[in-house]
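As the structure is a prediction and not an experimental result, all values here were calculated from the model. Each chain gets a letter, A, B and so on, in the order the sequences are listed, and its residues count up from 1.
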Amino acid sequence: MNIFKIYKDKFILLLRNNSFDCDEEKVSVDTPRQASFGDLAFNAPLILSSSLKSNPLEIGKKIADLIKENYSEFETIEVAKPGFVNLKFKKEFWYNFLFSFDDSKGKIVNISKTINLEYVSANPTGPLHVGHCRGAVYGDILGNLLNFVGHKVIKEYYINDYGNQIHMFAKSVYARVLEIKEGKEFPVNEGLYPGEYLKEIAQSLIKKNKISNFSNYDSIKNQLGEMAMDEAMIMIKNDLLSLGIKHDLFISEKELVQNNLVSKTLKILERKNCIYEGVLPKPKGNENEDWEPREQLLFKSTKFGDDVDRALKKSDGTWTYFANDVAYHSYKLDRKFDKYINVLGADHAGYLKRLKACVDALSDFKADFECKVCQLVKLFKSGEPYKMSKRAGDFITAKELVESVGVDAVRFMMIYRSNDSQLDFDFDLVTEKTKENPVFYVQYASARIHSILRKTSLDLTNIDKQCLRLLDAEIEIEIIKKLSLWSKCMDLSAKNLEPHRIPYYLYDLASIFHSYWNLGKEYPEYRIIENENSQLIKARVYLLEKVLTVIKSGLLILGVSAPESM
RNA sequence: GCGCCCGUAGAUCAACUGGAUAGAUCGUCUGACUACGGAUCAGAAGGUUGGGAGUUCGAAUCUUCCCGGGCGCGCCA
């Protein structure tokens, strides 16, 4: 249904049949910058002029004539400087478009891919906080989007349940258990996690009563660690659920290590000659007193575009986090997806090159692997920056955020920016019920259209196509044109992994709808329901039904509700 | 010092991935309420796209050098 794609293919074929050889990559059919130029802008004259060494306007004239001879749906075909062919459809085209408009199929891509999408992967040592929300929502919506356009997405969460942090976590829970059971004061400044949530976990462990004797830490630490981890993951999954997020698969780092996947993977890299014993240079500008040269097992990531080689083994002989991650990505590759996407937070951006490097090394550059980084979220309240206390353990959790502003607002606002830009999130704004709040604005459009459907209660499944011709007003054609941009929006969003385009599109669509609605206030003939022409009512309701379909699809992808009334 | 991201209207951000006269919202100013849901709409003002140079038919977008902001920088994960 992407008319730009359709006509691009048509025009390229037409040109080739008439011995114009044009580069598919460079040629485009797009919306002209100005509506007065028409509906489609074809840039072939510009592209062809250099290879043909002739005036783009003359080439444009020839192309325009060709199109004129072969297609009858255009009202005007004009050549414009510096070298565009601008085409305007007859209204009949738009009525046909509206009549057959069907968004429910969803499938837009030609080639359906299997996609591995990893996101969130927050440390399982505490609840999700606001900082995790953006990546979580971005990843989730991206997954929905890719599914919507016809791919098969596995949403995956990598649990970092291995390494030193887990010991500290177990110790922290232990300290909380002693605090509850024996009134022993919780020690500060021992590197323990101070968060209040540990009390809940400790409480829950005591309640489950699987550990009878807490007196000797060493004898119970493994069991306690595992149980605490399970509790923490339950907590995180609940937090995710409150954000409307559900992963398909959870992969445990610990299990990867226990199954010897790390050593197996490193052998593969060894065979590829990507591993060596060496000494890393001291990083400049980082005054680390403890630094001393050390020979260790390294991965030749510089061979794959990284800035320095990366350590695989710690001085105590255990694997580094990165080594485990290499194994994890090897495991991903083993499962053979057409595409792999990692969503990372801004604080992990420095990690990106080595990940790409290890995937390139393991797959011999064959894997389609892409990392998307979400920049930080700055919190605001009443227009003032909202500072979280530096005191450890004091942060706003995802759950609290959802409870105070609602899941719809969190999801919409977290995605309402390009992921490359930092994001300002205002607590007050998102709960406002005004135009200033884009979530509300779009949802309000949904409610208004539902209201019309309720009042008219027409069955339009067998509507006469002819009756759509009554939609003669400029704004009605404009709405149909906006609908035609929906699949283009999907295409672009999915192709570039930029779901932020969706809320922008929905806002625009809602905006035109609200204008249309208000037109009836000044000019009674524009009233949708209070109209004497029953055929016109049908046609208009049909149009609004399609608008609602798109709003619903869009909000569904965003995981935001499309209310019937508000 | 190095790497990644950002810099667009007073503020917050878009801009179909190199296209034509750079668009929204808020704020400011002017209008429309006995309402098919005014929680809305119509209109106005507001720009040397941080700065310089380069690439070409054409640059907010690509290259390069400055300036400013954010994140990160051998065995934490």
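- Atom CD in A/Glu253 sits 6.5 Å away from atom OH in A/Tyr321 (nearest 0.5 Å).
- If you check every strand for non-hydrogen atoms under 4.0 Å, A/Ser515 touches sugar and phosphate atoms only.
- No side-chain donor-acceptor contact under 3.5 Å links A/Asn86 to the backbone of A/Glu78.
- Within the 4.0 angstrom heavy-atom criterion, base atoms lie near A/Pro293.
- If you measure from atom NZ of A/Lys26 to atom C1' of B/G19, you get 14 Å, rounded to the nearest angstrom.
- Salt-bridge annotation for A/Lys356 and A/Asp360: present, with a side-chain N of the basic residue lying under 4.0 Å from a carboxylate O of the acidic one.
- Among residues two or more places apart in sequence or in another chain, the side chain to side chain donor-acceptor pair (under 3.5 Å) test is passed with A/Glu226 by A/Lys254.
- Using a 4.0 Å heavy-atom distance criterion, A/His500 is classed as a sugar-phosphate-only contact.
- Of all nucleotides present, none satisfies the Watson-Crick or G-U wobble test against B/G47 with each distance under 3.5 Å.
- Using P as the reference atom, B/A39 and B/U21 are 41 Å apart when rounded to the nearest Å.
- Atom CH2 of A/Trp319 and atom P of B/A77 are 14 Å apart (whole Å).
- One finds the CD1 atom of A/Ile502 at 7.5 Å from the CD1 atom of A/Ile141 (value rounded to the nearest 0.5 Å).
- Across all strands shown, A/Asp309 has no heavy atoms under 4.0 Å from either base or sugar-phosphate atoms.
- Within the 4.0 Å cut-off from OP1 or OP2 of B/G38, at least one side-chain nitrogen or oxygen of A/Trp517 is found.
- Closest-nucleotide positions on RNA chain B for A/Ser315 and A/Phe42 were compared, and the one nearer the 5' end corresponds to A/Phe42.
- Nucleic acid contact class of A/Ile47 (heavy atoms, under 4.0 Å, all strands): base.
- Phosphate contact (OP1/OP2 of B/G38, side-chain N/O of A/Lys521, threshold under 4.0 Å): present.
- Considering only side-chain N and O atoms, A/Lys314 lies under 4.0 angstrom from the phosphate OP1 or OP2 of B/A77.
- Taking atom CG on A/Asp307 and atom C1' on B/C2, their separation rounds to 7 Å, with Å as the unit.
- Taking atom C1' on both B/U30 and B/A53, the two are 45 Å apart, rounded to the nearest angstrom.
- Relative to the side chain of A/Tyr441, the nucleotides B/U21, B/A77, B/U40 differ in distance, and B/U40 lies closest.
- Within the 4.0 angstrom heavy-atom criterion, base atoms lie near A/Ile528.
- With B/A77, B/U40, B/G70 as the candidates, the nucleotide lying closest to the side chain of A/Arg448 is B/U40.
- We find that A/Lys482 and A/Asp508 are joined by a salt bridge, their nearest charged nitrogen and carboxylate oxygen being less than 4.0 Å apart.
- When each of A/Ile452 and A/Glu253 is assigned the nucleotide of RNA chain B bearing its nearest heavy atom, the one mapping closer to the 5' terminus is A/Ile452.
- Nucleotide B/G3 has B/C71 as its partner under the Watson-Crick or G-U criteria, with both atom distances under 3.5 Å.
- Atoms CG (A/Asn518) and P (B/A32) sit 15 Å apart, rounded to a whole Å.
- If you measure from atom CG of A/Leu344 to atom P of B/C73, you get 14 Å, rounded to the nearest angstrom.
- With rounding to whole Å, A/Asn43 atom CG is found 19 Å from B/U56 atom P.
- At the heavy-atom level, A/Tyr162 lies under 4.0 Å from the strands shown only through sugar-phosphate atoms.
- Closest contact between the side chain of A/Phe440 and the listed nucleotides B/A77, B/U40, B/G3 involves B/U40.
- Look at B/A15: it lacks any Watson-Crick or wobble partner with both distances under 3.5 angstrom.
- Spacing between B/U48 and B/C67 at atom P, rounded to whole Å, works out to 23 Å.
- With A/Glu564 contributing its side chain and A/Ser446 its backbone, the two residues share no donor-acceptor pair below 3.5 Å.
- Taking 4.0 Å as the cut-off between side-chain N and carboxylate O, A/Glu525 and A/Arg527 do not count as a salt-bridged pair.
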Between N or O atoms, less than 3.5 Å apart, protein on one side and nucleotides 5-13 of chain B on the other: list the pairs.
from: B/C5; atom 1: O2'; to: A/Gln375; atom 2: NE2; distance (Å): 3.4
from: B/C5; atom 1: O2'; to: A/Asp420; atom 2: O; distance (Å): 2.4
from: B/U12; atom 1: O3'; to: A/Asp424; atom 2: OD2; distance (Å): 3.4
from: B/U12; atom 1: O2'; to: A/Arg417; atom 2: NH2; distance (Å): 2.9
from: B/C13; atom 1: OP1; to: A/Gln422; atom 2: O; distance (Å): 3.3
from: B/C13; atom 1: O5'; to: A/Arg417; atom 2: NE; distance (Å): 3.4
from: B/C13; atom 1: O2'; to: A/Arg417; atom 2: NH1; distance (Å): 2.9
from: B/C13; atom 1: O2'; to: A/Tyr504; atom 2: OH; distance (Å): 2.4

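- The pair A/Lys332-A/Glu118 meets the salt-bridge criterion, since a charged nitrogen lies less than 4.0 angstrom from a carboxylate oxygen.
- Checking the phosphate oxygens (OP1, OP2) of B/C36, no side-chain nitrogen or oxygen of A/Arg454 falls inside 4.0 Å.
- Nucleotide B/U21 forms a pair with no other nucleotide shown, judged by Watson-Crick or G-U wobble geometry with both contacts under 3.5 Å.
- Base-pair partner of B/A59: not found among the strands shown (Watson-Crick or G-U wobble, both distances under 3.5 Å).
- One side chain, A/Arg417 or A/Tyr504, offers a donor N or O that lies under 3.5 Å from an acceptor on the other.
- Nucleic acid contact class of A/Leu280 (heavy atoms, under 4.0 Å, all strands): sugar-phosphate only.
- Under a cutoff of 6.0 Å and an axis angle of 45°, A/Lys313 and A/Trp319 form a cation-pi pair.
- Across the C1' atoms, B/G38 and B/A32 are found 9 Å apart, a figure rounded to whole Å.
- The salt bridge (charged side-chain N to carboxylate O under 4.0 Å, His left out) with A/Asp30 is formed by just one residue from the set A/Lys488, A/Lys5, A/Lys8; it is A/Lys488.
- Base pairing analysis places B/U34 opposite nothing; no Watson-Crick or G-U wobble pair with both distances below 3.5 Å involves it.
- Atom CZ in A/Arg310 sits about 13 Å away from atom P in B/G3, given to the nearest Å.
- Side-chain to base pairing of A/Lys455 with B/C36: no donor and acceptor N or O lie closer than 3.5 Å to each other.
- With B/G72, B/G37, B/A77 as the choices, the nucleotide that has an atom nearest any side-chain atom of A/Ala447 turns out to be B/G37.
- One finds no side-chain N or O of A/Tyr523 lying less than 4.0 angstrom from the OP1 or OP2 phosphate oxygen of B/C36.
- Here A/Asp30 lies in heavy-atom contact (under 4.0 Å) with a base.
- A/Arg540 has a carboxylate O that lies under 4.0 Å from a charged side-chain N of A/Glu476, or vice versa, which qualifies the two as a salt bridge.
- Using a 4.0 Å heavy-atom criterion, one finds that A/Glu522 contacts no nucleic acid atom at all.
- Atom OH in A/Tyr138 sits 4.5 Å away from atom CG in A/Asn419 (nearest 0.5 Å).
- The side chain of A/Tyr444 has B/A39 as its nearest neighbour among B/G70, B/G19, B/A39.
- Going from atom CG of A/Leu492 over to atom P of B/G18 covers 12 Å, rounded to whole Å.
- Non-hydrogen atoms lying under 4.0 Å from RNA chain B are contributed by A/Tyr507, all within residues 505-513 of chain A.
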